[in-house]
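As structure tokens, the structure follows; a few thoughts come after it.
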Amino acid sequence: MQAVQLTDTNGPDGLRLVDIPEPAAGTDAVIVDLHAAGVSFPDLLQTSGAYQVVRPLPFVPGVEGAGTVRSAPVGSGLTPGQRVAVLATGGAWQQTVAVDVNSVFPLPDSVSLSAGAGFLMNYLTVHFALDERARYRAGDTVLVHGAAGGIGVAALQVAAALGLETIAVVSTDAKAEVARANRATHTVPVDGFKDRVLELTGGRGVDIVLDPVGGDRFTDSLRSLAPNGRVVVLGFTGGEIPTVKVNRLLLRNTSVVGAGWGEYVRTFPDYPARQWAQLEPLLRTGALQVPEPTLHPMTSAADALLALAHRSATGKVALSLRS
């Protein structure tokens with residue numbers, strides 16, 4: 001089968017399309033023929049050895065994908081031909097994977113295989129950020145940075161499904177259109193976003209800020225919070241890791257929390273299944289929507305990562321694994 005491997009940590013140029021053996025069916029493994037695989041910012045970091053988890057070279061990047069079950073253990077509840085999304089910690093940028101039964105999630109008919117390929121990482125991360133870390137309440141308003149990117153779109157969609165109002169921070173008119181198409185309640189430009197947020201909220205501020213960007217906008221995110229507000233740190237796609245003057249938190253009774261979903265799952269392996277139990281009914285009814293990703297062929301895996309690096313991508317990016 002074909003796979004994309006990272007053979008050198010010199011960035012996306014270190015990726016190669018190779019032929020490797022298919023995984024052997026095991027008594028405990030589910031064998032899934034993948035249709036597509038998600039591309040995420042941690043994949044980009046791994047190509048330069050900058051991610052917190054360092055894997056020995058060569059390895060297959062990617063953690064999420066979607067396809068159809070080829071075979072499954074007896075008693076797993078899975079059947080050949082069933083459409084599923086998977087978490088493949090051994091690498092998803094390959095045409096067939098062997099995964100643990102607890103890492104397989106049956107897709108409802110409302111979600112295509114290409115959309116399902118890029119669903120798990122971003123949507124489960126955002127759900128974790130809102131539910132477990134920010135402890136959202138009915139009536140909360142959520143400010144979303146990077147709202148036209150993969151995490152941002154997922155944040156807008158999950159918040160909408162949970163009945164929360166959103167304010168999307170965007171850098172261009174085109175990205176504002178993407179945010180509105182993904183159910184943003186309001187959009188504001190990144191320049192001067194704090195003043196616009198306070199205007200929209202009658203001076204109160206927002207209850208939750210979801211920030212995958214970091215950088216120099218972080219202080220104004222703190223200033224945009226209502227009393228008891230929470231900034232949730234999701235990443236640093238802006239490059240700079242900001243610092244916090246904690247007196248701001250004291251004076252306004254606000255907080256800053258991290259949302260490292262992957263690390264949380266390593267500690268609590270059953271957590272994705274618990275999340276799926278909450279999200280799958282929303283997917284099935286259409287309350288939670290998953291837009292189609294921008295698909296790149298396997299031969300253009302480097303270009304897919306560069307779209308994330310240059311912040312030119314809108315929505316989710318994925319690799320098509322079948323011609």
Side-chain angles (χ1 to χ4, degrees), residues 1-6 15 17-23 25 29-44 46-47 53 55 59-72 76 78-125 150-151 153-154 261-262 265 272-273 275-276 279-280 283 290-305 307-308 313 315-323:
M1 68 174 177
Q2 287 192 310
V4 177
Q5 278 188 341
L6 184 71
L15 295 171
L17 184 63
V18 298
D19 287 312
I20 62 173
E22 287 190 344
V30 182
I31 306 299
V32 179
D33 294 317
L34 293 182
H35 172 81
V39 178
S40 62
F41 198 72
D43 299 324
L44 174 64
Q46 286 187 336
T47 64
V53 178
R55 299 169 61 191
F59 68 85
V60 176
V63 178
E64 59 183 346
T68 55
V69 174
R70 181 190 295 185
S71 63
S76 67
L78 300 166
T79 58
Q82 189 171 6
R83 301 164 65 256
V84 294
V86 302
L87 292 171
T89 55
W93 295 5
Q94 54 188 334
Q95 290 179 317
T96 302
V97 293
V99 294
D100 184 84
V101 65
N102 294 317
S103 297
V104 181
F105 305 89
L107 284 174
D109 292 340
S110 58
V111 182
S112 71
L113 287 178
S114 53
F119 170 79
L120 291 174
M121 284 284 286
N122 286 348
Y123 278 68
L124 295 186
T125 293
I151 280 282
V153 164
W261 176 79
V265 171
Q275 290 185 281
W276 189 255
L279 295 179
E280 193 276 339
L283 285 172
V290 187
E292 292 293 322
T294 300
L295 284 171
H296 293 256
M298 296 177 79
T299 53
S300 298
D303 292 335
L305 288 179
L308 299 185
K316 184 66 180 181
V317 176
L319 294 183
S320 176
L321 304 180
R322 307 281 169 175
S323 57

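Throughout, numbering of the chain's residues begins at 1 and tracks the sequence.
- More than 12 heavy-atom neighbours from other residues, nucleotides or ligands sit within 6.0 angstrom of CG on Asp19.
- Phe41 places none of its side-chain heavy atoms less than 4.5 Å from the side chain of Ile151.
- Two residues are said to be in side-chain contact when any heavy atoms from C-beta on lie closer than 4.5 Å; Val97 and Pro23 fail this criterion.
- The nearest pair of heavy atoms linking Ser76 to Val101 is CB-CG2, 3.6 Å.
- If you take CG on Leu120 and OG on Ser103, they are separated by 9.5 Å, rounding to the nearest 0.5 Å.
- Heavy atoms only, all atoms of each residue included: Met1 and Gln94 are closest at CE-OE1, 3.1 Å.
- Proximity of a side-chain donor or acceptor of Trp93 to a complementary backbone N or O of Ala36 within less than 3.5 Å is not detected.
- Contact annotation: the side chain of Pro42 never approaches that of Val63 to less than 4.5 Å [non-hydrogen atoms, C-beta and beyond].
- In terms of heavy atoms, Gln82 sits closest to Pro106 at NE2-CB, 3.6 Å.
- To the nearest 0.5 angstrom, Leu321 atom CG is 9.5 Å from Leu295 atom CG.
- Within the 4.5 Å cutoff, no side-chain heavy atoms of Lys316 are placed close to those of Pro291.
- Remark: Arg83 CZ to His35 NE2 distance equals 9.5 Å, nearest 0.5 Å.
- In this structure a side-chain-to-backbone donor-acceptor pair under 3.5 Å is present from Arg55 to Gly90.
- At a cut-off of 3.5 Å, with distance as the only test, no side-chain donor of Asn122 or Thr125 sits close to an acceptor on the other residue.
- Ile31 is listed as a side-chain neighbour of Thr96, based on a closest heavy-atom distance under 4.5 Å.
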Could you please spell out the steps behind the side chain to side chain contact (heavy atoms under 4.5 Å, CB included) verdict for Val39 and His296? CA-CA 10 Å; Val39 178; His296 293 256; over 6 Å; no
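- Ring geometry for Phe119 versus Trp276: interplanar angle over 60°, hence perpendicular rather than tilted (30 to 60°).
- In this structure, the side chains of Trp261 and Met121 come closer than 4.5 Å at one or more pairs of heavy atoms.
- Residue Leu308 holds its CG atom at 8.0 Å from CG of Asp43, rounded to the nearest 0.5 Å.
- In this structure the side chain of Val265 reaches within 4.5 angstrom of the side chain of Pro272, judged on heavy atoms.
- A distance of 11.0 Å separates CG of Leu319 from CG of Leu34, quoted to the nearest 0.5 Å.
- In this structure, Leu17 and Val4 have side chains that are in contact, with non-hydrogen atoms separated by less than 4.5 Å.
- Scanning both residues, Ser114 and Pro293, for their nearest heavy atoms gives O-CG, 3.4 Å.
- Closest approach of Ala3 to Val60, counting heavy atoms only: CB-CG2, 4.3 Å.
- With rounding to the nearest 0.5 angstrom, the CG atom of Leu305 is 11.0 Å from the OG atom of Ser300.
- Contact record, Val99 with Val104: CG2-CG2, 3.4 Å, taken as the closest heavy-atom pair.
- With hydrogens and angles disregarded, a donor-acceptor distance shorter than 3.5 Å links the side chain of Ser112 to the backbone of Ala115.
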